[in-house]
Amino acid sequence: RHTYEYRPEMAATLFGGEPSATSTYKDEHGAWVSAYAPVLNLQGEVVALLKVDAPLAPLQAAHNKRLKRQLALVGGIGVGVFSLLVLMVRQFTRGFLLIERAARRLGNGDLETPVNVGTLVEVGHLAEALEHARVALAKRTARMRDASAQIAHQRDLALRGINDASLMRRR
């Protein structure tokens with residue numbers, strides 16, 4: 001039941017019946033925030049205001065505490081997501097490096113060493129395709145070696161003057 005001087009923040013409550021609040025202000029007792037609520041008579045007319053003053057320090061402390069918890073949570077989630085991304089990039093890069101080495105070995109003629117990466121799906125599919133190519137090249141090379149050996153044998157026989165017909169006669 002105090003009497004207060006009129007302040008511009010009271011206008012919405014006093015003349016429109018809408019609750020309102022002040023921005024922060026300071027006095028000899030510290031920093032404050034005030035809120036106004038209308039007091040209505042039976043006809044619904046504003047006859048008085050209810051003013052509530054709240055010290056800013058406890059409100060600010062609660063807000064800061066909640067903000068720190070939220071920042072810690074967001075920071076923890078950020079660190080976790082970043083760690084997962086780094087782990088995935090390392091694994092992806094490792095897979096591609098292994099495939100690159102396997103392709104270089106294939107290019108240099110090493111058809112014996114199998115291609116086995118087996119990490120991420122995309123890298124795994126690429127490794128499977130490279131392994132399929134290695135197996136196919138190994139089979140073709142073996143067939144070419146066999147054909148080359150047969151051709152060399154036929155050439156040797158031809159150089160000695162022996163053909164298939166003369167071999168049959170000898171048997």
Which pairs would a plain distance check flag for residues 62-75, meaning a side-chain donor or acceptor within less than 3.5 Å of a matching protein atom at least two apart in sequence or in another chain?
from, atom 1, to, atom 2, distance (Å)
Asn64, OD1, Gln60, NE2, 3.3
Asn64, ND2, Gln60, O, 3.4

message = To the nearest 0.5 Å, what is the distance between OG on Ser148 and NE2 on His153?
response = 13.5 Å
ask   = Looking at residues at least two apart in the chain, or sitting in another chain, which of them share a salt bridge (charged side-chain N to carboxylate O under 4.0 Å, His left out) with Arg101?
value = none
request  = List in chain and number order the residues that pass side chain to side chain contact (heavy atoms under 4.5 Å, CB included) with Leu14, two or more places apart in sequence or in another chain; answer none if no residue qualifies.
outcome  = Tyr6, Val46, Leu49
Review item, side-chain donor-acceptor pairs of residues 134-143, under 3.5 Å, at least two apart:
from, atom 1, to, atom 2, distance (Å)
Arg134, NE, Thr113, O, 3.4
Arg134, NE, Glu131, OE1, 3.0
Arg134, NE, Glu131, OE2, 3.4
Arg134, NH1, Leu111, O, 2.5
Arg134, NH2, Glu131, OE2, 2.7
Thr141, OG1, Leu137, O, 2.7

With sequence neighbours excluded, residues passing side-chain hydrogen bond (donor to acceptor under 3.5 Å, both in side chains) with Arg104 = Glu100
key: Main-chain N/O of Ala12 paired to Ser20 side chain as donor or acceptor, under 3.5 Å   = no
task = Tell me, please, whether Tyr36 has Arg7 positioned over its six-membered ring: NZ or CZ under 6.0 Å from the ring centre and within 45 degrees of its axis?
result = no
Closest contact, heavy atoms only, Ala103 versus Leu130 = N-CD2, 3.9 Å
ask   = Can you name the side chain to side chain contact (heavy atoms under 4.5 Å, CB included) partners of Val86, sequence neighbours left out?
value = Phe82, Arg90
ask   = Do Val47 and Leu40 have side-chain heavy atoms sitting under 4.5 Å apart?
value = no
message = Using a 4.5 Å cut-off between side-chain heavy atoms of Ile, Leu, Val, Met, Phe, Trp and Tyr, which other residues end up in the same hydrophobic cluster as Leu56?
response = Val33
ask   = Among pairs that include at least one residue of residues 37-57, which meet salt bridge (Lys or Arg N to Asp or Glu O under 4.0 Å), considering only residues two or more places apart or in two chains?
value = Lys51-Asp53
task = Can you run down the salt bridge (Lys or Arg N to Asp or Glu O under 4.0 Å) pairs that involve residues 74-88, sequence neighbours left out, and say none if there aren't any?
result = none
query = What pairs with Glu112 under side-chain hydrogen bond (donor to acceptor under 3.5 Å, both in side chains), at least two apart in sequence or on another chain?
reply = none
query = Does Asp146 have any side chain to side chain contact (heavy atoms under 4.5 Å, CB included) partners at least two apart in sequence or in another chain, and if so, which?
reply = none
key: Results of side chain to side chain contact (heavy atoms under 4.5 Å, CB included) for His29 - residues two or more places apart only   = Asp27, Trp32
inquiry  = Between Leu85 and Leu87, is there shared hydrophobic-cluster membership here, with clusters defined by ILVMFWY side-chain heavy atoms closer than 4.5 Å?
reply    = no
inquiry  = I need the minimum non-hydrogen distance between Thr13 and Pro38, along with the two atoms involved.
reply    = CG2-N, 3.3 Å
